[in-house]
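Since we're looking at a predicted model, the values are computed, not measured. Sequence lines set the chain letters: A, B, ... in the order given, protein chains first and strands last, and positions in each chain run from 1.
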Amino acid sequence: MGNPIIEINHLTHTYPGSRAGIFHVNLTVSRGEFIILAGKNGSGKTTLLRHLNALLSPDSGEVLVHGNDAAKKPTLARRTTGMVFQDADTQIVGETVYDDIAFGPENLGLPRSDIHRRVSAALETLGLAGLKERTPATLSGGEKRRLAIAGVIAMDPEIIVLDEPFSNLDYPGVLDLLACIEALQRDGQTIIMAIHDIEKVIGLATRMIIMDQGRIAHDDKPENLTETVAAFGVRKPEQRSLVQWE
Amino acid sequence: MGNPIIEINHLTHTYPGSRAGIFHVNLTVSRGEFIILAGKNGSGKTTLLRHLNALLSPDSGEVLVHGNDAAKKPTLARRTTGMVFQDADTQIVGETVYDDIAFGPENLGLPRSDIHRRVSAALETLGLAGLKERTPATLSGGEKRRLAIAGVIAMDPEIIVLDEPFSNLDYPGVLDLLACIEALQRDGQTIIMAIHDIEKVIGLATRMIIMDQGRIAHDDKPENLTETVAAFGVRKPEQRSLVQWE
Amino acid sequence: MDNSNQLKMTVYASLFAALIAAGAFMAIPIGPVPIVLQNMFVLLAGIILGPRWGLASVGVYLLMGALGFPVFAGGAGGLGRLFGPTGGYLLSYLPAVFITGVVSQTLGKKTHWDILAMAAGSMMIYAMGVPWLKMVTGMAWGKAVAVGMYPFIIGDLLKITAGAFSAGIIRPVIHTPALGKITTE
Amino acid sequence: MGVTPFAYTPSTTSIQRADARCKLFCLSVLSIATLSAGFIPLAVLIALLFGLLTLEQKSPGRVLLELKYFCLLLFFVLAARALTTPGDPVVVFLNTDVTRQGLLDGTLICLRFFAVMLLGMLFTCTTRPSLVKGAVEWFLRPVPLIPEKRAAVMITLFLRFLPLVLKQAHEIRQAQQARCSDLKKNPVTRAVNLAVPLLKKTFTAADRLAIAMASRSYSEQRTDPEFSRSGQEKKICCTALFLAGLLVVM
Ligand SMILES: Nc1ncnc2c1ncn2[C@@H]1O[C@H](COP(=O)(O)OP(=O)(O)OP(=O)(O)O)[C@@H](O)[C@H]1O
Ligand SMILES: Nc1ncnc2c1ncn2[C@@H]1O[C@H](COP(=O)(O)OP(=O)(O)OP(=O)(O)O)[C@@H](O)[C@H]1O
Ligand SMILES: O=C(O)CCCC[C@@H]1SC[C@@H]2NC(=O)N[C@@H]21
Ligand SMILES: [Mg+2]
Ligand SMILES: [Mg+2]
């Protein structure tokens with residue numbers, strides 16, 4: 001399976017005062033994959049993804065990023081994996097679109113000229129070039145989502161993680177974002193996406209992981225799982241969408 | 001078209017410092033209808049719905065509720081139309097599920113015994129009876145949404161307005177809510193729903209209104225509009241779902 | 001405040017009460033009197049809400065504390081705390097928010113006036129807090145000032161500056177008729 | 001969240017079932033009485049409170065653990081007293097006499113605060129929040145100038161906002177950490193980056209909540225709260241008054 005970027009061994013995490021969490025998760029992520037993470041509300045998708053970024057620390061088990069323990073090298077983990085959160089508003093920091101995208105590269109302490117180059121490239125990739133002076137609060141839902149992705153791309157991560165990126169978008173917004181994700185994938189970007197309505201992206205994905213009650217229930221090629229998903233609270237995709245959702 | 005509950009005449013509303021808003025909207029809502037309100041992000045759906053509840057006041061034109069101007073009798077307007085907002089988290093007030101549902105009836109100044117009866121009935125209708133002592137913050141997304149609807153139903157409104165009720169729900173949550181909406185409709189409840197993915201409810205609706213740039217672009221039976229919607233940023237529903245989405 | 005916005009002011013005042021509590025949560029114990037963010041939100045309530053609603057906000061906060069909810073510095077609560085060594089600071093928040101509100105209302109909504117208004121409120125806090133501390137703990141004046149005022153002056157100046165900036169952020173959010181004016185009968 | 005020690009925990013003890021107004025009355029009477037109580041009655045009261053809290057599934061160990069910060073502050077108060085009260089020296093610390101009178105005085109004050117803290121804890125964890133609010137509303141009714149209904153609604157909203165603010169702060173911090181914000185060492189920049197979105201978000205949320213309340217016909221002419229009685233209120237109030245009397249007299 002190529003060269004693993006991330007290797008998760010027996011990862012367990014529980015929340016204090018609650019029996020929910022994730023349990024004994026094993027997973028490797030290799031370059032160029034597009035992984036769908038599906039499962040009911042509360043099945044542990046977000047919890048798992050936060051570990052990739054060392055935003056939570058394991059109760060037991062480990063997350064290795066290029067062989068280094070993420071808990072000990074959180075910065076490495078965060079540079080390797082860029083997270084786009086479900087709620088775009090939470091993620092937006094800057095006063096303008098440009099400033100917001102520059103937030104990550106500035107934290108990395110890059111020289112100004114590099115920052116400028118990266119921000120310009122990200123603006124271009126996500127079709128935000130015309131909006132760079134706008135205040136993020138005045139953007140539409142779809143534009144905000146693209147801004148959140150641009151902020152992550154400007155950090156040049158090896159993996160991009162998207163947590164339910166389609167929520168609250170109208171149909172043009174969905175199409176727009178899909179086109180953008182497709183373009184990223186074509187460029188060889190590794191992508192992990194948590195999503196409920198898998199129909200939209202199942203044609204693009206190379207792998208699908210189904211979570212149930214904090215455990216990985218299935219991990220296979222998407223086309224092998226289309227019959228299985230319904231048992232795990234995920235809507236079965238229509239046949240045609242195995243090719244392309246439009 | 002029966003007895004109109006609401007009559008909107010030439011309603012115009014613009015936001016200060018912005019050219020967006022709604023313009024010259026005419027609309028009547030009659031008992032027993034299930035109206036889908038569709039259109040792009042920013043087409044004015046939420047703005048229109050807020051006028052039904054006198055939460056905004058018209059620049060020109062009027063909203064009549066049983067013949068009375070809503071702007072002059074906001075309480076009547078709010079008792080007639082119950083609104084379920086898009087973001088469930090920001091409409092929950094009470095410390096427990098029971099208390100939250102009681103908030104509306106308490107505002108109406110009803111005697112305790114009536115309040116208790118109404119809350120119990122709403123808990124029953126929405127399948128929340130087992131959760132009545134829970135703190136709303138600990139509910140799942142789907143349960144929160146049903147709680148928001150229960151809080152509105154307990155006020156016994158003639159019309160229920162739902163603003164994108166399906167966002168952020170997993171598939172079981174969507175099915176659950178659909179069943180609940182179907183049951184309400186069977187009981188003769190008048191419903192207006194703003195929604196992007198019309199496929200889910202097009203089989204239930206009796207009428208569809210398409211908004212575009214603050215104006216009503218189409219207002220017809222849903223089956224007559226399935227070919228038209230794509231031009232207005234709404235995804236064309238699959239044929240089968242004209243019967244039932246499942 | 002006109003009647004149509006009564007509901008909004010009620011909600012904002014409650015939010016400020018919660019912010020004051022959150023500011024007390026992050027307390028750094030450096031002696032009998034901890035460093036807190038609490039007083040910044042009290043002063044901010046004065047300039048954003050004005051004297052009347054500011055009083056309501058602090059009143060609700062103190063009431064919750066008196067009832068035993070853990071809203072005072074470091075997660076403490078109870079009447080005992082209200083009459084304890086730092087009780088003077090807590091009770092002084094009532095006149096302080098009022099003074100800040102009045103000064104801000106008379107001067108206007110400019111950053112430099114905000115700073116002045118909050119400084120006036122701050123003085124009220126120490127004017128009540130330090131003597132109370134001396135009384136309850138039986139310290140000498142010098143000692144009371146040394147543990148109850150000097151260590152906080154620089155921090156409080158920073159908090160006032162931060163408060164003035166925060167006011168600049170909050171005002172546009174709550175004064176845009178974003179979601180409309182709420183009319184009641 | 002830190003309010004866990006005070007969170008309402010349902011049970012069927014007679015304190016739980018008593019009228020909230022009765023409990024609020026007892027709380028106030030006992031709190032005030034402790035302010036003039038001596039050593040032995042205080043110790044007895046604290047032991048009694050620990051016992052009652054154990055019945056509510058809060059063992060003394062857990063209570064102490066959850067109050068550790070509070071205990072630290074009490075220690076500072078004790079130290080301040082011990083070092084500044086004149087009297088017979090016991091030991092010398094940092095060139096200052098630690099006096100017997102100071103130690104006794106300080107301990108007494110700490111015990112008083114501690115007792116009141118436990119009283120508050122017992123009240124809030126045996127009374128559901130809506131009843132706390134109802135009881136406050138009831139007692140505020142005769143007080144002039146205070147609109148008791150509005151105060152009650154504000155208490156509800158307060159309890160609603162406190163966790164919301166903390167949760168939003170946590171979410172924003174995580175979103176920024178994901179973009180390596182921890183590498184920026186300047187604490188001012190970091191504080192500003194957290195505070196700006198937090199303020200915007202919380203005030204927007206408050207705005208939305210106000211709208212949602214209006215649409216549910218919010219009015220200050222609301223139905224009065226309802227109280228349920230267990231029939232033992234008289235007994236409980238008398239016990240509390242008796243205890244309070246003992247605290248003051250002894
Ligand atoms: N801070 C927390 N404290 C306690 N329990 C938590 C916390 N965060 C999450 N949980 C619980 O952990 C479980 C997994 O949550 P998680 O957010 O990972 O689910 P998810 O699969 O992302 O769900 P969704 O589809 O709703 O986003 C849930 O049962 C949730 O209630
Ligand atoms: N407070 C405001 N100030 C200025 N413009 C506003 C305000 N609220 C809404 N608008 C603008 O009015 C237009 C209509 O907004 P509205 O929320 O009604 O759209 P919508 O159809 O509900 O969209 P969505 O599908 O995203 O919910 C949008 O262009 C929006 O940007
Ligand atoms: O016990 C409490 O909750 C009150 C703490 C009071 C702390 C005072 S307020 C003014 C001064 N500035 C600070 O940062 N702390 C003290
Ligand atoms: Mg999630
Ligand atoms: Mg809308």
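Contact between D/Met154 and C/Ala13 at its shortest, heavy atoms only, is CE-CB, 3.5 Å. A pairwise comparison of heavy atoms in D/Asp207 and C/Val173 identifies OD2-O, 4.4 Å as the closest pair. The two atoms that bring D/Ala210 and C/Lys8 nearest to each other are CB-CG, 4.0 Å, heavy atoms only. The nearest pair of heavy atoms linking C/Phe69 to D/Val132 is CE1-CG1, 4.0 Å. In this structure, D/Phe76 and C/Pro29 approach most closely via the heavy-atom pair CE1-CB, 4.2 Å. Smallest separation of non-hydrogen atoms from C/Ala18 and D/Leu162: O-CD1, 3.4 Å.
Comparing C/Ala17, C/Ala56, C/Gly59 by how many heavy-atom pairs each has under 4.5 Å with chain D, the most go to C/Ala17. Highest contact tally toward chain C, considering only D/Leu27, D/Val116, D/Leu119, D/Val153, is held by D/Val116 [criterion: heavy-atom pairs under 4.5 Å]. Listed options C/Ala21, C/Pro85, C/Gly31 were ranked by heavy-atom pairs under 4.5 angstrom with chain D; first place goes to C/Gly31. Top candidate by heavy-atom pairs under 4.5 Å with chain D, chosen from C/Val11, C/Val71, C/Leu158, is C/Val11.
Other residues, nucleotides and ligands place no more than 12 heavy atoms under 6.0 Å from the NZ atom of C/Lys143. Counting non-hydrogen atoms of other residues, nucleotides and ligands closer than 6.0 Å to CZ of D/Arg173 gives a total of 12 or fewer. For D/Phe75, the CZ atom sits in a loose shell: 12 or fewer heavy atoms of surrounding residues, nucleotides or ligands are nearer than 6.0 Å.
For C/Phe165, no part sits under 4.5 Å from any heavy atom of chain D, backbone or side chain. Heavy-atom distances place the side chain of C/Leu63, and not its backbone, under 4.5 Å from chain D. For chain D, the nearby parts of C/Ala27 are the backbone and the side chain; heavy atoms of each come within less than 4.5 Å. The contact between D/Val165 and chain C is made entirely by side chain atoms (from C-beta outward), counting heavy-atom distances below 4.5 Å. In this structure, no portion of C/Ala162 lies under 4.5 Å from any heavy atom of chain D. Contact annotation for D/Ala206: both backbone and side-chain heavy atoms come within less than 4.5 Å of a heavy atom of chain C. Interface remark: D/Val136 contributes side-chain atoms only to the contact with chain C (heavy atom separation under 4.5 Å). Heavy atoms closer than 4.5 Å to chain D are found in the side chain of C/Ile170, but not in its backbone. Of the atoms belonging to D/Val188, not a single heavy atom falls under 4.5 Å from chain C.
Within the model, atoms CD1 of D/Ile32 and CZ of C/Phe83 stand 7.0 Å from one another, a figure rounded to the nearest 0.5 Å. In this structure, NZ on D/Lys200 lies 11.5 Å from OG on C/Ser166, to the nearest 0.5 angstrom. To the nearest 0.5 Å, atoms CG (D/Leu209) and CG (C/Leu15) are separated by 9.5 Å. Between the OG atom in D/Ser31 and the CZ atom in C/Arg81 there is a gap of 14.5 Å [rounded to 0.5 Å]. Distance check, rounded to the nearest 0.5 Å: NZ of D/Lys149 to OG1 of C/Thr10 gives 14.5 Å. With rounding to the nearest 0.5 angstrom, the CD1 atom of D/Ile109 is 8.0 Å from the OG1 atom of C/Thr137.
No side-chain heavy atom of C/Ser57 sits less than 4.5 Å from a side-chain heavy atom of D/Phe158. Considering only heavy atoms from C-beta on, C/Met64 comes within 4.5 Å of D/Leu159 through its side chain. The side-chain heavy atoms of D/Phe203 and C/Ile169, taken from C-beta on, include no pair separated by under 4.5 Å. Between C/Leu67 and D/Leu24, some side-chain heavy-atom pair lies under the 4.5 Å cut-off.
Of all residues spanning residues 32-41 of chain C, those with a heavy atom less than 4.5 Å away from chain D's heavy atoms are C/Pro32, C/Pro34, arranged by number.
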